[in-house]
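For reference, the structure discussed in these notes is given below.
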Amino acid sequence: MTNHSEKEETKKPSLNFIEQIIEKEISEGKHDGRVHTRFPPEPNGYLHIGHAKSICLNFGLAQKYNGLCNLRFDDTNPVKEDVEYVDSIQEDIKWLGFDWGDRLYYASDYFDQLYDWAVKLIKEGKAYVDDQSAEEISAQRGTPSKPGDESPYRNRSIEENLDLFARMKAGEFEDGARVLRAKVDMASPNMQLRDPAMYRIKHAHHHRTGDDWCIYPMYDFAHGQSDYIERITNSICTLEFEVHRPLYDWYLDQIIDTEYRPVQTEFARLNITYTVMSKRKLLQLVEAGHVNGWDDPRMPTISGFRRRGYTPESIRNFADRIGVAKRDNVIDVALLEHAVREDLNKKANRVMAVLDPLKVVITNYPEDQYEELHAINNPEDESAGSRIIPFGRELYIERSDFMEDAPKKFFRLAPNREVRLKYAYFIKCNDVIKDEDGNITELHCTYDIDTKSGTGTSTRKVKGTIHWVSIDHALEADVRLYDRLFLTENPDVAEEGKDFKSNMNPDSLSVVKGYVEPYMVNAKAEDKVQFERTGYFCVDKDSTAEKLVFNRTVPLRDSWAKKMNK
RNA sequence: UGUCCGAUGGUGUAACUGGCAACACGUCUGAUUUUGGUUCAGAAGAGUCCAGGUUCGAGCCCUGGUCGGACAACCA
């Protein structure tokens, strides 16, 4: 055995810091070697690519270490939550390729247990009912550098607290009239520990428990306990919950009577250039009509990416590559685009489509004659097979593939220059026809019958190959050309008095009428193709037999355009 | 002004109990190509926030700074 291969075998795959923690726990026999994670969305919006990172992390860890991952809706605030979101979230996770088996849970499943634990805390003198308003409590909380003041209700008798809390539950009080607070430490340097609210009164209809409750637990009083109930080993969340961890542990300390205890670990959330990533901001875009719903292909939501033509594999690969760490990060959107191109290059059939048509008449091709040409569906995948393309006297080519005063390096069509029509013949441009305003309306070309594709009869070579469609056979299609939603790398940096919306790209969507080869007649929603030399496209759900609709997923890399810009 | 967290090429992530800073994206060359795509070959780009210390040896350990982030909803 060579030294080299020995090294290969012994080289450990690099682990992210959470995997290191887990492997250490396993080696120490913690949790009996179990790994059980959970993905805990609040059903108050659609999932975005940042959630995809968390989903891939939590479900991925469970897969890797032979464990389980639960789906748990964190539904403790009925005024913001809705079944629409419960449904879309499940659909998106499944689409991404993950499965929670029969472990679909809701924090609201635990409301009775949570209530009992709250009563227990009251009985132990560790919780009290506060009659003050939210404003008063807030005023007493102090600041990060100044300790808070204790509530005048902090030392009520246990009996009175028990009575008041029962009456809160019974609906005797109005929203906001009272709140149950944990008695921790108003002088704690950690603001989260300054007697945090455990329960608040909300006479609101809950999407699952209906009108059973009019008091609802806060996130902090529900989350750790839910983890505990589900026997979660690793409770993984984003960095902003780091300061909550002492409270997470404090609540657990009050209720735990086993050796087992869940551990919270935090990682940095995902940011992407030219994108905003908060549900609040995305909701604003939807509600203000800046986009057409949560699944608008310009949205960084999972449903938006799905409609845009991204594959689950590409998103999972992306999540893999960005890694997991604790420092703030901004991922270049080019990495995401690379991930889709890489996947689609292998999977998407090639098809010819002209998006900005220029008519070409092949003057030496007989009128009313047509022929069928043979085309490869995917040069990267032989099993994709081949198809037939109709060719005739009148064609469309891309306007950008013709230049009247072409530089030497322009390998496309120009007066007296020759190009190959992909899968067809060489053509030479003889005449440029213009209207009275000088706009080019038509090209007259001649073709060379000896250059037919695949015959090998041509001895000449030509530098460029362009795509085309036969006018008589092409199908008309609406093609939606999507571009980035924001003009600046960090949309949150805005001028004085303005917000992220001032950085929106006014041209993030343009719809053009294009022509595609007849092969696409039976295209179904979410079908993905590459329009040869243009980009990857996906059939939109708005598409019908009468009117095809395509969304541009991502353009092809274009080194020519790059050169032209210099 | 308190507590907690973080700092490695342009970006992101690695570097096992200290041992010549690696991989990916991006950028740039060149080759191949019936997609100016793909593929292939190659290049440039950091000496690891700063200052001390421990050590034969520090990105990793210690001390002190600097900078950045999080925390003051009856949101999650």
Side-chain angles (χ1 to χ4, degrees), chain A residues 10-16 20 40-42 44 74-77 79-81 130 133-134 137-139 141-148 175-181 188-194 196-202 215-216 218-220 222-223 237-246 266 268 273 279-280 320-339 341-342 345-346 350 352 375-376 379-380 409-412 419-424 453-454 462-467 530-535 555-564:
Chain A
T10 53
K11 186 173 181 189
K12 282 186 193 158
S14 73
L15 305 174
N16 66 50
Q20 288 174 14
E42 183 189 14
N44 68 342
D74 224 327
D75 55 350
T76 57
N77 188 359
V79 305
K80 289 191 177 173
E81 296 154 8
D130 197 328
S133 68
I137 291 174
S138 170
R141 199 178 305 278
T143 70
S145 53
K146 226 185 310 138
D175 287 8
R178 285 182 169 78
V179 65
L180 182 71
R181 290 227 259 169
S188 171
N190 182 341
M191 298 290 293
Q192 306 303 322
L193 261 20
R194 319 246 259 232
M198 292 167 60
Y199 268 90
R200 68 302 211 191
I201 303 171
K202 280 179 192 288
I215 56 172
Y216 292 92
M218 299 291 292
Y219 163 85
D220 289 296
H223 203 92
C237 60
T238 45
L239 244 30
E240 63 270 29
F241 292 100
E242 206 160 27
V243 281
H244 292 240
R245 189 170 1 117
E266 311 84 11
T273 54
K279 273 199 253 182
R280 204 192 92 247
D320 245 23
R321 276 174 218 213
I322 58 177
V324 180
K326 293 191 76 161
R327 74 183 85 116
D328 293 333
N329 63 85
V330 186
I331 306 290
D332 191 337
V333 70
L335 182 60
L336 219 206
E337 296 181 343
H338 171 263
R341 288 197 189 103
E342 178 183 52
N345 177 49
K346 291 178 295 188
R350 275 57 168 172
M352 293 201 284
I376 303 295
E380 308 294 320
K409 291 278 197 184
F410 186 78
F411 303 142
R412 307 177 189 180
V419 283
R420 173 185 292 285
L421 293 177
K422 180 134 185 163
Y423 298 126
S453 186
V462 89
K463 191 74 179 162
T465 299
I466 65 173
H467 61 276
Q530 182 195 104
F531 286 169
E532 200 102 24
R533 301 208 306 135
T534 304
L556 249 30
R557 290 186 61 189
D558 188 349
S559 53
W560 168 247
K562 208 178 282 177
K563 193 178 279 183
M564 292 301 280

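Since we're looking at a predicted model, the values are computed, not measured. Per chain, numbering begins at 1; letters A, B, ... match sequence-line order.
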Under 4.0 angstrom, heavy atoms only, what part of the nucleic acid is [X] near: base, sugar-phosphate, or nothing?
{"X": "Tyr216(A)", "answer": "nothing"}
{"X": "Phe410(A)", "answer": "base"}
{"X": "Asn16(A)", "answer": "sugar-phosphate"}
{"X": "Lys409(A)", "answer": "base"}
{"X": "Gln192(A)", "answer": "sugar-phosphate"}
{"X": "Ile331(A)", "answer": "sugar-phosphate"}
{"X": "Pro147(A)", "answer": "nothing"}
{"X": "Asp328(A)", "answer": "sugar-phosphate"}
{"X": "Gln530(A)", "answer": "base"}
{"X": "Glu42(A)", "answer": "sugar-phosphate"}
{"X": "Arg350(A)", "answer": "base"}

Reckon [X] has a side-chain N or O less than 4.0 Å from the OP1 or OP2 of [N]?
{"X": "Thr76(A)", "N": "rC75(B)", "value": "no"}
{"X": "Arg557(A)", "N": "rU38(B)", "value": "yes"}
{"X": "Ser559(A)", "N": "rG37(B)", "value": "yes"}

Could you work out which one of rU13(B), rU35(B), rG12(B) sits closest to the side chain of Ile322(A)? rG12(B)
Once you round it to whole Å, what is the distance between [atom2] of [N] and [atom1] of [X]?
{"X": "His244(A)", "N": "rU3(B)", "atom1": "NE2", "atom2": "C1'", "answer": "13 Å"}
{"X": "Lys563(A)", "N": "rC28(B)", "atom1": "NZ", "atom2": "P", "answer": "10 Å"}
{"X": "Arg181(A)", "N": "rA73(B)", "atom1": "CZ", "atom2": "P", "answer": "12 Å"}
{"X": "Arg341(A)", "N": "rU35(B)", "atom1": "CZ", "atom2": "P", "answer": "18 Å"}
{"X": "Leu336(A)", "N": "rG12(B)", "atom1": "CG", "atom2": "P", "answer": "15 Å"}
{"X": "Leu335(A)", "N": "rC25(B)", "atom1": "CG", "atom2": "P", "answer": "8 Å"}
{"X": "Met198(A)", "N": "rC75(B)", "atom1": "CE", "atom2": "C1'", "answer": "17 Å"}
{"X": "Glu342(A)", "N": "rG37(B)", "atom1": "CD", "atom2": "C1'", "answer": "14 Å"}

With centres under 5.5 Å and planes under 30°, do Trp560(A) and rG36(B) count as stacked? yes
N/O donor-acceptor pair under 3.5 Å between [X] side chain and [Y] backbone:
{"X": "Thr465(A)", "Y": "Arg420(A)", "result": "no"}
{"X": "Glu342(A)", "Y": "His338(A)", "result": "no"}
{"X": "Arg194(A)", "Y": "Ser188(A)", "result": "yes"}

For rG10(B), measure the glycosidic angle (O4'-C1'-N9-C4 for a purine, O4'-C1'-N1-C2 for a pyrimidine) and name it syn if it falls within 90° of 0, otherwise anti. anti
Mind telling me if rA73(B) is syn or anti? Syn here is a glycosidic angle within 90° of 0. syn
Working to the nearest 0.5 angstrom, can you tell me the gap between Arg341(A) CZ and Gln530(A) CD? 10.5 Å
Indicate the ring-plane relationship of Tyr219(A) and His244(A), choosing parallel, tilted or perpendicular according to the 30° and 60° boundaries. perpendicular
Any carboxylate oxygen within less than 4.0 angstrom of a Lys/Arg side-chain nitrogen, looking at Lys326(A) and Glu242(A)? yes
